[in-house]
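Data first, discussion second: the structure below is written as structure tokens.
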Amino acid sequence: MRIYLHYTIWNKGVHIPWICEGIKTTMPKNTILDFTFENCTDQSLPNFKRCLTGADGYGDLSGYEVRITESRTKFRWPNTNAAMARFLQSDCDLFLSPQDDQQIQDKNIFRNLSNFLDLNSNVGIIGMRDGVGGVISGGH
């Protein structure tokens with residue numbers, strides 16, 4: 001199973017190292033990481049670029065396929081829709097779209113998602129919200 005993980009970030013620079021640590025400890029290296037930085041006026045993008053190399057001590061995301069988009073729209077859904085379109089052009093099996101203050105924490109996420117997909121073969125898009133099955137954690 002190959003995952004397409006998309007975050008839309010609005011001024012959550014303080015969360016970026018924490019999110020990167022969650023990615024590094026739970027996502028396999030063949031995951032596509034697609035980050036859209038929406039009208040950010042803080043350190044979100046610079047903090048993410050530091051995460052790419054592990055310069056901040058949290059996540060070294062250099063082994064992932066990373067896509068970065070800067071957006072100036074004022075709505076989340078066009079960004080997510082654009083990422084979903086990129087997902088459909090990829091060879092990924094599942095699209096995950098957490099909120100921008102959520103860290104994936106469950107180390108069994110792939111076994112759980114694989115079992116879920118085996119039972120529901122037509123599912124390909126999952127949006128994660130606070131408190132869903134212990135998969136994520138909101139806020140930090």
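Scope of the values below: all heavy atoms of this structure, side chains included, with no hydrogens, waters or symmetry mates.
Rounded to the nearest 0.5 Å, atoms CD (Gln103) and OH (Tyr7) are 7.5 Å apart. With rounding to the nearest 0.5 angstrom, the CZ atom of Phe35 is 10.5 Å from the CG atom of Leu45. Note: Thr41 OG1 to Trp10 CH2 = 13.5 Å, rounded to the nearest 0.5 Å. Taking CD1 of Ile9 as the reference point, atom OG1 of Thr36 lies at 9.0 Å (rounded to 0.5 Å). The distance from the CZ atom of Phe87 to the CZ atom of Phe95 is 7.5 Å, given to the nearest 0.5 Å. Atom-to-atom distance recorded for Asn39:CG and Asn11:CG is 8.5 Å, nearest 0.5 angstrom.
Between Cys20 and Leu61 there is a side-chain heavy-atom pair separated by less than 4.5 Å. Side-chain contact between Arg86 and Thr69 is present, with heavy atoms from C-beta onward closer than 4.5 Å. Between Leu33 and Glu65, the closest side-chain pair of non-hydrogen atoms is not below 4.5 Å. Between Ile32 and Tyr64, the closest side-chain pair of non-hydrogen atoms is not below 4.5 Å. When side chains are defined from C-beta on, Asn47 does not count as touching Val14, because their heavy atoms never get closer than 4.5 Å. In this structure, Ile68 and Leu52 have side chains that are in contact, with non-hydrogen atoms separated by less than 4.5 Å. Side-chain contact between Pro46 and Ile16 is absent, with no heavy-atom pair separated by less than 4.5 Å.
Looking at Arg2 and Asp93, no side-chain N of the basic residue comes within less than 4.0 Å of a carboxylate O on the acidic one, giving no salt bridge. At a threshold of 4.0 Å, the pair Lys24-Asp60 does not count as salt-bridged, since none of the basic side-chain nitrogens sits closer than that to a carboxylate oxygen.
At least one donor-acceptor pair closer than 3.5 Å links the side chain of Ser44 to the backbone N or O of Lys12. For Thr25 (side chain) and Glu21 (main-chain N/O), a donor-acceptor pair under 3.5 Å exists by modelled atom type.
Between Cys40 and Arg72, the closest heavy-atom pair is N-NH1, 3.9 Å.
Asn79 and Thr8 form no side-chain donor-acceptor contact under 3.5 Å, judged by distance and modelled atom types alone.
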